[in-house]
Amino acid sequence: MSDITPESLLDAYASGIFPMAPDRDSDELNWYFPEERGILPLDGMVVPRKLMRTIRSGKFQVTADRAFGDVMLACAEPAPGREETWISPRICALYGVLHQRNHAHSIEVWDGERLVGGLYGVALGGVFFGESMFSRQRDVSKIALVHLVAGLRQGGYRLLDTQYTTPHLTTLGGIGIPAADYLVLLNQALTVRAVWPDDFSLHALRDDIASLRPHPGES
């Protein structure tokens with residue numbers, strides 16, 4: 001798969017497939033198309049009240065595309081339960097080019113001047129394909145995801161692809177759907193001209209964040 005280019009990578013996403021490296025040191029890439037696809041419905045995110053209070057407190061600052069390379073490297077770091085990673089130097093190089101072309105974006109969470117969490121992914125039409133996230137403090141990847149969803153809603157996006165379902169995402173409203181259903185949603189969303197917002201801060205997204213649903217059953 002030495003012939004993968006940023007252009008062919010975008011074509012792959014538009015077809016519903018995405019690449020991963022076998023491990024961080026491999027130059028090989030494999031294509032994946034899960035039979036059950038993870039998505040986070042943009043009108044179905046639920047936010048625990050404690051998390052919402054932390055977000056509204058302004059304790060953390062949230063930015064977009066300020067440190068794309070640093071976010072990718074942080075996502076590639078070993079973590080408890082994730083000792084190995086599929087984010088190789090080749091992956092970093094390909095997505096770095098997509099970032100330069102405004103097709104790959106990052107959300108960063110800062111505690112003062114320290115990068116403590118974030119995520120990155122690919123934007124195409126009205127779809128955001130989430131790739132990976134990381135946390136160096138409790139719940140900061142969730143903060144990044146809440147800001148991402150609010151920004152995508154503001155920008156007119158229609159689909160947030162999470163690739164797989166995880167307990168972490170399920171608690172926030174993530175679901176798994178059959179691949180055939182995913183392709184229908186994908187093809188519809190690709191026709192949309194969404195706009196990646198310039199500002200993902202609490203000030204810019206306050207109303208969109210406030211519109212997200214509280215977690216059911218919480219007081």
Find out if a path of hydrophobic residues (ILVMFWY) with successive side-chain heavy-atom gaps under 4.5 Å connects Leu29 to Ile17. yes
Heavy atoms only: give me the nearest Gln154-Leu205 pair and the separation to one decimal. NE2-CD2, 3.5 Å
Judged by atom type as modelled, is there a donor-acceptor pair below 3.5 Å linking the side chain of Asp111 to the main-chain atoms of Arg114? no
Between Asp65 and Trp196, do the side chains contain a donor N or O and an acceptor N or O under 3.5 Å apart? yes
I want to check something: taking the side chain as every heavy atom from C-beta on, are Gln163 and Glu131 in contact at a cut-off of under 4.5 Å? yes
Gap separating the CE atom of Met45 from the CG atom of Leu148, nearest 0.5 angstrom: 8.0 Å
Met20 and Asn30: CA distance, side-chain angles, deciding distance, side-chain contact (heavy atoms from CB on, under 4.5 Å) verdict: CA-CA 5 Å; Met20 290 184 178; Asn30 299 320; 5.8 Å; no
Nearest atoms (heavy-atom pairs only) where Gly117 meets Val140: CA-CG2, 3.9 Å
Is Val192 linked to Leu183 within one hydrophobic cluster, defined over Ile, Leu, Val, Met, Phe, Trp and Tyr using a side-chain heavy-atom separation of less than 4.5 Å? no
Quick one, Leu160 and Val149 - any side-chain contact, counting heavy atoms below 4.5 Å? yes
Tell me, do Ser15 and Trp31 make a side-chain contact under 4.5 Å, heavy atoms counted? no
Nearest 0.5 Å please: distance from the OG1 atom of Thr166 over to the CG atom of Leu172. 8.5 Å
To the nearest 0.5 angstrom, please state how far the CG atom of Leu159 sits from the CG atom of Leu40. 10.0 Å
Verify the cluster assignment for Tyr164 and Ile39: are they in a single hydrophobic cluster under the rule of side-chain heavy atoms below 4.5 Å apart? yes
Verdict with supporting geometry, Arg153 and Ser211, side-chain contact (heavy atoms from CB on, under 4.5 Å): CA-CA 10 Å; Arg153 287 164 59 119; Ser211 71; 3.0 Å; yes
When rounded to the nearest 0.5 angstrom, what distance separates CG in Leu152 from CG in Leu145? 9.0 Å
Straight-line distance of Ser135 OG to Leu119 CG, nearest 0.5 Å: 9.5 Å
Would you please name every residue forming a side-chain hydrogen bond (donor to acceptor under 3.5 Å, both in side chains) with Arg56, sequence neighbours left out? none
Between atom CD1 of Ile55 and atom CZ of Arg206, what is the distance when rounded to the nearest 0.5 Å? 11.5 Å
Output, in order, the C-alpha distance, side-chain angles, deciding distance and verdict of side-chain contact (heavy atoms from CB on, under 4.5 Å) for Leu185 and Ile177. CA-CA 10 Å; Leu185 296 178; Ile177 61 174; 3.7 Å; yes
With sequence neighbours left out, the residues meeting side-chain hydrogen bond (donor to acceptor under 3.5 Å, both in side chains) with Ser106 are Glu108
Can you find a pair of side-chain heavy atoms, one from Val122 and one from Leu10, that are under 4.5 Å apart? yes
Could you tell me which non-hydrogen atom of Gln61 sits nearest to which non-hydrogen atom of Lys59, and how far apart they are? NE2-O, 3.6 Å
Polar side-chain atom of Arg90 near backbone of Glu28 as donor-acceptor pair, under 3.5 Å: no
Report yes if some heavy atom in the side chain of Tyr95 is under 4.5 Å from a heavy atom in the side chain of Ile87; otherwise report no. no
Within the structure provided, determine whether His168 and Lys142 are in side-chain contact (heavy-atom separation under 4.5 Å). yes
Return each pair, listed once, that meets salt bridge (charged side-chain N to carboxylate O under 4.0 Å, His left out) where at least one residue sits in residues 154-169; pairs must be two or more places apart or across chains. Arg37-Asp161
Partner residues of Thr5 under the side-chain contact (heavy atoms from CB on, under 4.5 Å) criterion, sequence neighbours left out: Glu7, Ser8
Do Val116 and Trp110 touch side chain to side chain, with heavy atoms closer than 4.5 Å? no
Tell me the closest heavy-atom pair linking Ala150 and Ile209, and the distance in Å. CB-CG1, 3.6 Å
Determine whether the aromatic ring centres of residues Tyr13 and Phe129 are separated by less than 6.0 angstrom. yes
Assess whether side-chain contact (heavy atoms from CB on, under 4.5 Å) is satisfied between Ile4 and Leu94, documenting all intermediate values. CA-CA 9 Å; Ile4 295 178; Leu94 281 168; 3.9 Å; yes
When every non-hydrogen atom of Ala194 is compared with those of Gly126, the smallest separation belongs to CB-CA, 3.9 Å
Judged by atom type as modelled, is there a donor-acceptor pair below 3.5 Å linking the side chain of Ser88 to the main-chain atoms of Ala21? no
Got a donor-acceptor contact below 3.5 angstrom from the His99 side chain to the Ala104 backbone? yes
Same apolar cluster: Val97 and Tyr120, side chain cutoff 4.5 Å: no
Tell me, yes or no, whether the heavy-atom count around Asn187 atom CG, taken from other residues, nucleotides or ligands under 6.0 Å, exceeds 12. yes
I'd like to check the side-chain contact (heavy atoms from CB on, under 4.5 Å) partners of Val184; sequence neighbours left out, ordered by chain and number. Gln188
Going only through I, L, V, M, F, W and Y residues with side-chain contacts under 4.5 Å, is there a path from Phe33 to Ile91? yes
Side chain proximity check, Trp86 to Tyr32, heavy atoms < 4.5 angstrom: no
Using side-chain contact (heavy atoms from CB on, under 4.5 Å) as the criterion, list what pairs up with Ala14, not counting sequence neighbours. Leu124, Leu190
Nearest heavy-atom contact between Arg24 and Ala76 is NH1-O, 2.8 Å
